[in-house]
Amino acid sequence: MAKYLTLDDFKVKDKVVLVRVDFNSEIDPTTKKVNSDVRIRAHAESTIKELAEKGAKTVILAHQGRKGDADYTPLKEHAAILGKILKCPVQYVDDVYGDKAKAAIKKLKGGEILVLENVRSFDGETKNGTPEQHSKTALVQNLAPLADLFVNDAFAAAHRGHVSMVGFTAVLPSCAGRIMERELKSLSRALEKPEKPCVYVMGGAKADDSLEISKYVLSNGIADYVVVGGVTSQLFLAAKGVNLGKKTMDFLAKKELTQFMPGIKELLAKYPEAIVLPVDVALDVDGKRKEIPVSKLPTEYSIFDLGAKTVANFAKLISSAKSIVVSGPMGVYENKEFNYGTKKVFEAIADSKAFSLAGGGNTIAAINEYGLSSKIGYISTAGGALIEFLMGKKLPGVVALENAVKTKKI
Ligand code: 3PG
């Protein structure tokens, strides 16, 4: 049984339903326009569509960027995109909880949708706090009395204990939206009781995240293997004592990654068989790819990709897995000369019969570029929240939903 309530537990016709979604999208720095509608579409085609079809008066709360950042914008365009996706009128009001917002909520009819202004225009929004503390804020005090139900659909922001993420669960009947439900179910398949063998494929440059995830999944017997590519694998090789050459070591130091080497060293000593590293790499020799075995390092050139032998090793482990989690590309995949590792490893994941879970901006971009998205078990809409979930952390947005069940009458 789910630890939280869902939309199946409520009758929403003609009820005011406050829905927290994550519309936070990439914004073009010059035009300030929304670059990708992936998140808006996900919420639109599931939770929001269902609520509108069931005749709810849907009020949407969402954020875009943070005050002071270049991607902090109003939600007018997001509302217009939502209307286009749903092919129905979507109202927008440039106010979150003031008189304008309240009047617009009171005027709503069953089946209508209203998007409120960027919830981070409320100054206290991004403070972390408990549901009880946040329920006393102006945002919750003004909006909650107008609403019958709070739906949290923003899994991608569930690692934030912000006002709109947890405050309403202390005062309103609350449940998970369909995206929240789908994310939690899919992620649990990869983290709670994954089918074995379970392989985690860690790439990209966020070595600190990969280290924490690897520690958690190996020490809890979740993953049988962690295969490491991308910049992260260079750091793992260096921690193992491989001399990569001055250029690569300077690059890793500049990225402030070398500080994680002691932690990686400890992990490698504890799990020497389970952590699988490259045996060969592709160098950038004047723009051309040149593969060399790791035993032939150091090099004066940059390491931009995995070598073919490594790709074959990774693909073999992947083909025998029953569950796979992938986060991060295997090399500089944006450059055709160096996309071999990412393409081949991702193709192996897509071709495997395992349940696969993918997340992270670059990972999703690469999966889409290679036309593999329909062959991946689940593609998460989350970035930071997914990483924290895979590290075994409790997400405040999810905890608040679980506690709401215990304290609310339905
Ligand atoms: C995200 O995109 O990771 C979430 O929307 C959270 O945004 P934040 O990092 O600005 O809190």
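Just so you know, these numbers use all the heavy atoms, side chains as well, and skip hydrogens, waters and symmetry mates. Whatever order the structure lists ligands and atoms in, that order sets their numbers, starting from 1.
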Kindly indicate whether the side chain of Asp22, heavy atoms from C-beta on, has any atom under 4.5 Å from the side chain of Thr381. no
Below 4.5 Å, heavy atoms only, C-beta onward: do Tyr370 and Thr342 meet side chain to side chain?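 Yes, at least one pair of side-chain atoms sits under 4.5 Å.
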So, using side chain to side chain donor-acceptor pair (under 3.5 Å) as the criterion, who are the partners of Asp305 when residues are at least two apart?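 Side chain to side chain donor-acceptor pair (under 3.5 Å) list for Asp305, sorted by chain: Arg289.
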Under the side chain to side chain donor-acceptor pair (under 3.5 Å) test, which residues partner Lys246, sequence neighbours left out? Asp250
Modelled atom types, side-chain donor and acceptor of Tyr378 and Glu183, under 3.5 Å: yes
Sorted by chain and number, the residues that approach ligand 1 to under 4.0 Å with a heavy atom: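 Near ligand 1, by chain and number: Asp22, Asn24, Arg39, His63, Arg66, Arg120, Ala156, His159, Arg160.
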Pairs satisfying ring-ring contact (aromatic ring centres under 6.0 Å, His included), at least one member in residues 80-139, at least two apart: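 Residue pairs passing ring-ring contact (aromatic ring centres under 6.0 Å, His included), neighbours aside: Tyr97-Phe122.
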